[in-house]
Amino acid sequence: MYRMEDVPDASLEELCPVCGDKVSGYHYGLLTCESCKGFFKRTVQNKKKYTCAENQECRIDKTHRKQCPFCRFQKCLSVGMRLEAVRGDRLRGGRNKFGPMYKRDRALKQQKKALIQASGFRIENNRAFINHQRGLMFTGGLLPLPILHSTALHDPESDHISYQPASRFSLLPSNSLGPTEFASLSDGADKSEYINNCASSSDGSYQPYSRPFSPQGSRMPHLVMEFMRCDPDELLLQNKIATHLLQELKDWGKGESPNTFSLMCLIADQTLFSIVEWARTSIFFTHLNVSDQMKLLQNCWSELLLLDIISRQVLYGKEGYLLLVTGQEVSYLYVSSYAGPTLASLVKRGQELVERLHILKLNRQQLACMKFFILFNPDVKQLEDHQYVESVQEQVKGALLDYTLCKSPGLLGCFAHLLLCVSELRTLSSLAEDYLYCKHLNKEMPCNNLLFEMLHAKENCA
DNA sequence: ATAGCCTTGAAG
DNA sequence: CTTCAAGGCTAT
């Protein structure tokens, strides 16, 4: 019996993010199967136009992939396959500019594997995950984790927690490129490099999400595209936070491990760092002076943190489980057994919000807008550049409205519902802050961290 | 049209 | 030289 880490090339054990078939290598930006590689090539080379007979949401898997080329191609694009990697000149052989990216992705996977080994996680067989979602708890798992393991209520036999294989997410989404790589992609006049007109904006900058074959009705406002560029990639984030967490755990000492609550604080803290980093380097925010930046972040950190958690459930989560930023899944059964009444009701309302956003079919584009909407809150007191913040929020609102109307033309209420969700989020975040503050008063909170500082900063403002 | 296998050729 | 992701070929 093979263990995952003994398999010669684990990357080939992964599944095609488009259809779930066996991966044959890197093709057009990421690991895919041979058939989707061919399909993507044919489509782009021959400039094929497909239409969907259904509602543009056909399920694409190994058996159904032939049925709707429209949805298959949509999925190709949405998981991050690159139009630019299909050569306009049909030149054969050699390498293109994606080479270094593939190399980096390999290194990342290697690192992740090492991480998983070091931490005692057992990665699940992806095939098992796709085929037997129901039975997973009993078959795939075997996961007594060092993390999330210290509460007496957790029974390792019942496998409430499982490791979430990263390959469910797009492995190399368009926005995982660094700035230098953006530059190198956009100025490519290489003879073997096919830059599609539609993939480059008029100012020459790279626009990952514009697509030449986009169906009518999903044209993306320019601003939404800008937001998407600022949006961190889930897999990179997962790696970063998992790495950090492991380091912290090592520092913690061998003997005792932190309790579940402390662990959650560590994770929240790291997430908060990533949120601040996101804001710090984002469009519009960089134009503000530091003082206003601080005020905005102190105002909305908990909303953004909560939105991060909730959106993860909507976009990637599965029923009955809480998906952590580290990729682990925690059964709600476990959560509720652990939580007191306050936390339990928070979690319940959170789940309801997840459900509402799920029904609204929240996607990453809308999420990106919501984050900016929350960040640029003109209600924050004593802003030096109040007018600017207000105008940004108006622009964000406009972009979200445009995008949402394009996306679901029939559903006028969709936009309004999203705003209602933002408002519910605000309520929940305020409750969550209260909860954390109580924890702090009871001296149950670790306090040398950003989470604690944020909690404190607001208290001083109020 | 699809998808498995083949050939090519610049980068390392 | 070897690698391996690009395009090409062809039976289904």
Rounded distance (Å) that lies between atom P of dG12(B) and atom OH of Y102(A)
14 Å
dG8(C) P sits how many Å from L91(A) CG, rounded?
10 Å
Does a donor on one side chain and an acceptor on the other come within less than 3.5 Å for E303(A) and S429(A)?
no
Side chains of S78(A) and R364(A): do they bring a donor and an acceptor to under 3.5 Å?
no
Contact under 4.0 Å: Y28(A) side-chain N or O vs dG7(C) OP1/OP2
yes
Which of the following nucleotides, dA1(B), dG4(B), dG8(C), is nearest to the side chain of D21(A)?
dG4(B)
Is the shortest side-chain N/O distance from Q45(A) to OP1 or OP2 of dG8(C) below 4.0 Å?
yes
Rounded interatomic separation in angstrom, taking NZ from K41(A) and P from dA3(B)
13 Å
About how many Å separate CZ of F415(A) and OG1 of T404(A), when rounded to the nearest 0.5 Å?
7.0 Å
The answer to which of G93(A) and K66(A) contacts DNA chain B further toward the 5' end, by nearest nucleotide, is K66(A)
Taking only N and O in the side chain of R90(A), is any of them less than 4.0 Å away from OP1 or OP2 of dT8(B)?
no
Mark yes or no for a side-chain to base donor-acceptor pair under 3.5 Å between K37(A) and dG4(B), with no hydrogen or angle criteria applied.
no
Could you state the CG-C1' distance from N96(A) to dC4(C), rounded to the nearest angstrom?
11 Å
Determine whether a donor-acceptor pair (one donor, one acceptor, N or O, separation below 3.5 Å) exists between the side chain of K103(A) and the base of dG12(B).
no
Length of the CG-P vector between L30(A) and dC4(C), whole Å
17 Å
R95(A) has an atom CZ; how far is it from atom C1' of dG12(B), in whole Å?
8 Å
Measure from the ring center of Y332(A) to the ring center of Y321(A) and say whether it is less than 6.0 Å.
no
Assess whether atom CD of E54(A) is packed by more than 12 heavy atoms of other residues, nucleotides or ligands within 6.0 Å.
no
Once you round it to whole Å, what is the distance between P of dG12(B) and CZ of F98(A)?
15 Å
5' precedence on DNA chain B between E34(A) and P69(A) (nearest-nucleotide basis)
P69(A)
Donor-acceptor pair present, R42(A) side chain and dA3(B) base, under 3.5 Å
yes
Identify which nucleotide among dG7(C), dA3(B), dA6(C) has an atom closest to any side-chain atom of R92(A), counting heavy atoms from C-beta outward.
dG7(C)
Round to the nearest Å and state the distance from L31(A) atom CG to dA6(C) atom P.
11 Å
